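Step one of this worksheet: look at the structure below.
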Amino acid sequence: MAEENGDVSGVATLTKKDFTSDQEPRWCPGCGDYAILAAVQGFMPELGIEPHNTVFISGIGCSGRFTYYMDTYGFHGIHGRAPAIATGVATANPDLHVWVVTGDGDALSIGGNHLIHALRRNVNIKILMFNNQIYGLTKGQYSPTSEEGKVTKSTPFGSVDHPFNPVALALGAEATFVARTVDNDRKHLTDVLRQATEHPGSAFVEIYQNCNVFNDGAFDLIRDKQQGLHNQIRLVDGEPIVFDEGTRCLAFALAHLSHGPTEPTCIGVFHEEDRSTYGEAVRSQLERAVERLGPGDLKTLLHGGDTWTVG
Amino acid sequence: MASRPTGSMSKTVEERDHVVIRFAGDSGDGMQLTGDRFTNATAILGNDLATLPDFPAEIRAPAGTVHGVSAFQIQFANNDVTTPGDHADVLVAMNPAALRADLDKVARGGTIIINEDSFTQRNLEKAGYASDPATDGTLDGYQIYPVPMTSITVRAVESLGVGKKEAERSKNMFALGLVSWMYGRPVDVTLRWLEKKFGGKPEIYEANVASFNAGYNFGETTELFAHQIHVAAAPVTEGIYRNVAGSQALAWGLIAASVRSGVPLFYASYPITPASDLLHELSKHKNFGVVTIQAEDEIAAANMALGAAFTGHLGVTGTSGPGIDLKAETIGLAVITELPMILVDVMRAGPSTGMPTKNEQGDLLHAMFGRHGESPIPIVAPSSPADCFSVALEAARVAIRYRTPVILLSDSFLQNSSEPWLLPDVDALPTIDPRFATPNGSDFLPYARDERLARPWAIPGTPGLEHRIGGLEREDRTGDISYEAENHERMTQIRREKVDGIAADIPPLEVDDPTGDAELLVLGWGSTAGTIRAAVQRVRGAGERVATAHLRWLNPMPTNTGEVVTKYRRVLIPELNSGQLTMLIRARFLADAKTFSKVQGLPIWADELEDAIVRMLHG
Ligand code: SF4
């Protein structure tokens, strides 16, 4: 729709302000979420996507507030269900640009089922998963990405749960675009998000996000400028480490290169492939049905089958 | 074309007002199809009718066992039929298990036609009979007609080159032919259907026709059956009719709502008995622009429908008991975001998995109160299979006009049973104006309200109306998040008043009180309507004065409900639960209502309700 209505000059004049709502962000000072918000608000105008054709959908958790700060259409849903709401939105109107903002608890714990099914269907949604390896909003319990042995309020003797590897999970769920980036590297973050936006279909982006209140420094090895230099393995398509985004097995191997952000870890786009999007497939099925059966006619529907006349 | 039976009536004909027939056999015996075909021929003959399929709970229960029995019951008459009948006048039992499962559903002195060939020692054992009930006195007091259906069928199709298995399989057509003769059903309707169904497979077609004819001729020529029974056509309103099951009528009602509102239909659902037929039916009609999604789970289905509603579609999700539990949180989200949406709950029996194939009206209070916080929601219930059509339209009208989720409480009886339906004039169906919000230059207020307290429906893609909604409490008008004490109280009140206000937009509760001086009111809701009508007709026939009323909207109730229920000295509420409507009526109107309760997974029978009414009148 953006493209059709788009008067080019209008698009060109979009600025960060057009995507910034009048609500004041209320994350803790120093939270990594601010940087992500700024990056998203900053790069959206460049894409020429208009706010009225954009929908942000979030779940519950600190990340859930994101929706309120974007001056687009927005739906702050219930815990874990954002991918399902987004599936409804993106299928009902495949012309919209639909974003899901979620966290590690929201996406991988309570909403795990919706996440994997949205990915396998290749619903045209961009999923930004803020991974801070902790439950922030509920004040510090371990999450499905917390490392084993994690001491939190709910695990005073250390967690015995084995964590998810979100990138591997998304790859296993047949996602067509899988990437990882970090909150404080504006350029890398923007580059990855831009590629995600341009990808037709589901894009899963794990963002290492620092929760400076309940899990400060969890990603220092990767995020920190000095340490990052040694520990970030940047994936660039076609460049050494000789890498091809189209190979799912290779992406799997790269996803498993580290057990977590405690050792050298890949960031960048792990995998991208072309597959028809869910919304388009549904739409073309509707069109084919009209071609085959003719446009729906209520009288024909009711009078089809055996009828009889009295009088 | 195969030869047709002569149809000559050489035997005597007996007139009857109404007849109840039950076809019962093994799941593989094709009893649903037989019943369905008999129903069509009966409808075309002009009898009024009601049907009820009775499926086994197991998909593939061992053949020949009582668990594997599948039955189909039909009542037809020369006058108003309101139920599929309490007890069968005729039972067609294709095997011993069918006899064992359904004997208690046959009226005393009723007719039992058995497939003699299947009453072997082995089959008797499988059905749990120690001796042959046909000869050991079990069936004393019934009229028994043993017919060697399998062997006659096999002989009739012998020359057609179909295998023995196929030949045996067409014995249900023999049964259909025989019963068609007994009740003088038109033959051409069935033959035409066979041609349509099996036209591409000449051998199978010929075999079915031959078996059907063999059954018909068997009735006519053998001396076993002394006479035919004739049930005259029922006097009904002029027009075009068809037979319709509740699940079809409900699906078509939703499609009609989409057509009449111009709002595309979006149905998301997870497979669950007995609601899956709704998904099956809707997914056939994509040429109406109907989007159907089989979601990954019940919760996803509800959220997809809600997301679609946000995007300007008529979002609908359908389920049954366990699914409505899972959807509760999403319904709450729909309540606070004030989006139009329909939740169809096809009720089934029991808590938890309960008895998935059996009927109950156990979810009324769940629909009313089954969410955390104060979360009012309109509830509407159809009263007959065909009524599902107009109730679906009505639910959509209210959902769209008031920007609210609506719960449509159907049940497994309504979904599965069928009745003749006087087809409506589609051009005369009400239109629904979605009144999508359009930009008016000033700041958009997503929680501003119209005279009905409905907020704007502003759909993504509309320039200038960008806004955010969600599950957090919002400030009135602006829709900004607000935890302010007074605002929450005001919003709670607005949500309640909005739903209560729908009462002004629905017809008053109609009371049927022919003499105007009845002392007892029988008040019902949902699928018990037919039984209530039948029982009250009988009581009135005996000279008693009884009034009836039936609630279509359970929340809000029509404005005169309090007046009606307090006007009568006694109020009896028959329900397939332990008294849920009764609780609401008593709490709300201080009326001394009593429950007639039944929770057996079975319908209330007209005769037991008749007794209850008489007891209440004279007890
Ligand atoms: S709790 Fe952590 S993640 Fe949540 S806002 Fe505060 S710093 Fe950010």
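Reminder, nothing fancy here: chain letters follow the sequence lines and each chain counts from 1. Because the structure is predicted, anything quoted here is derived from the model rather than measured.
Counting heavy atoms from C-beta on, the side chains of A/His76 and B/Leu472 come closer than 4.5 Å. A heavy-atom distance below 4.5 Å is found between the side chains of B/Phe389 and A/Leu302. Using a 4.5 Å heavy-atom threshold, the side chains of A/Trp308 and B/Leu45 count as separate. Within the 4.5 Å cutoff, no side-chain heavy atoms of B/Val291 are placed close to those of A/Gln285. With a 4.5 Å cut-off on side-chain heavy atoms, B/Leu339 and A/Phe75 count as touching. Taking the side chain as every heavy atom from C-beta outward, A/Ile85 and B/Leu333 approach each other to under 4.5 Å.
Of the two parts of B/Leu429, only the side chain, counted from C-beta on, holds a non-hydrogen atom closer than 4.5 Å to a non-hydrogen atom of chain A. Both the backbone and the side chain of B/Tyr241 come within contact range of chain A, each with at least one heavy atom under 4.5 Å from a heavy atom of that chain. If you measure heavy-atom distances from B/Ala302 to chain A, you find no contacts under 4.5 Å at all. For a residue to count as touching a neighbouring chain, one of its non-hydrogen atoms must lie under 4.5 Å from one of that chain's; by this rule B/Leu423 touches chain A with the side chain only. Of the two parts of B/Ala256, the backbone and the side chain both hold a non-hydrogen atom closer than 4.5 Å to a non-hydrogen atom of chain A. At a 4.5 Å heavy-atom cutoff, B/Ala305 makes no contact with chain A through either its backbone or its side chain. Residue B/Thr237 touches chain A through its backbone alone, counting heavy-atom pairs closer than 4.5 Å. Residue contact with chain B, scored on non-hydrogen atoms closer than 4.5 Å, is absent for A/Arg283. Both the backbone and the side chain of A/Thr67 come within contact range of chain B, each with at least one heavy atom under 4.5 Å from a heavy atom of that chain. Contact of A/Tyr278 with chain B is made through the side chain alone, with heavy-atom distances under 4.5 Å. Using a 4.5 Å cut-off between heavy atoms, B/Val189 does not touch chain A at all. Using a 4.5 Å cut-off between heavy atoms, B/Val236 touches chain A through backbone and side chain atoms alike.
Annotation for B/Arg242 and A/Leu301: closest pair NH1-O, 3.9 Å, computed over non-hydrogen atoms. Closest heavy-atom contact between A/Ala92 and B/His313: O-CE1, 3.3 Å. Across all non-hydrogen atoms, the minimal contact from A/Leu96 to B/Pro460 is CD1-CB, 3.7 Å.
Between the OH atom of A/Tyr73 and the CD1 atom of B/Ile469 there is a distance of 11.0 Å, given to the nearest 0.5 Å. Taking CD of B/Glu296 as the start and CZ of A/Arg120 as the end, the distance is 7.0 Å to the nearest 0.5 Å. In this structure, B/His285 NE2 and A/Leu298 CG are separated by 10.5 Å, a value rounded to the nearest 0.5 Å. Here the straight-line distance linking atom CD of B/Glu329 with atom CD1 of A/Ile78 works out to 3.5 Å at 0.5 Å rounding. A distance of 11.5 Å separates OG1 of B/Thr311 from CG of A/Asp95, quoted to the nearest 0.5 Å. Here B/Lys286 contributes atom NZ and A/Arg292 contributes atom CZ; the two are 11.0 Å apart, rounded to the nearest 0.5 Å.
Here B/Ala43 is the residue among B/Ala249, B/Ala43, B/Gly471 with the most heavy-atom pairs under 4.5 Å with chain A. Put simply, of B/Ile293, B/Thr292, B/Thr330, B/Ile336, the one with the most heavy-atom pairs under 4.5 Å next to chain A is B/Ile293. Residue with the most contacts toward chain A among B/Ile255, B/Asn40, B/Asp425, B/Val259: B/Asn40 (heavy-atom pairs, distance under 4.5 Å). Ranked by heavy-atom pairs under 4.5 Å with chain A, the first of B/Gly307, B/Gly46, B/Ala300 is B/Gly307. The candidate with the highest count of non-hydrogen atom pairs below 4.5 Å against chain B, out of A/His303, A/Met70, A/Gln23, is A/His303.
No more than 12 heavy atoms of other residues, nucleotides or ligands shown are found within 6.0 angstrom of CG on B/Asp443. Residue B/Tyr270 qualifies as open at atom OH: its count of foreign heavy atoms under 6.0 Å is 12 or below. Within a 6.0 Å radius of NZ in A/Lys16, other residues, nucleotides and ligands contribute more than 12 heavy atoms.
Ionic pairing of B/Arg468 and A/Asp71 is present here: one or more N-O contacts between side-chain nitrogen and carboxylate oxygen are shorter than 4.0 angstrom.
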> Going through the checks in order, is the side chain to side chain contact (heavy atoms under 4.5 Å, CB included) test met by B/Asp297 and A/His117?
Replying inline: CA-CA 10 Å; B/Asp297 61 34; A/His117 286 274; over 6 Å; no

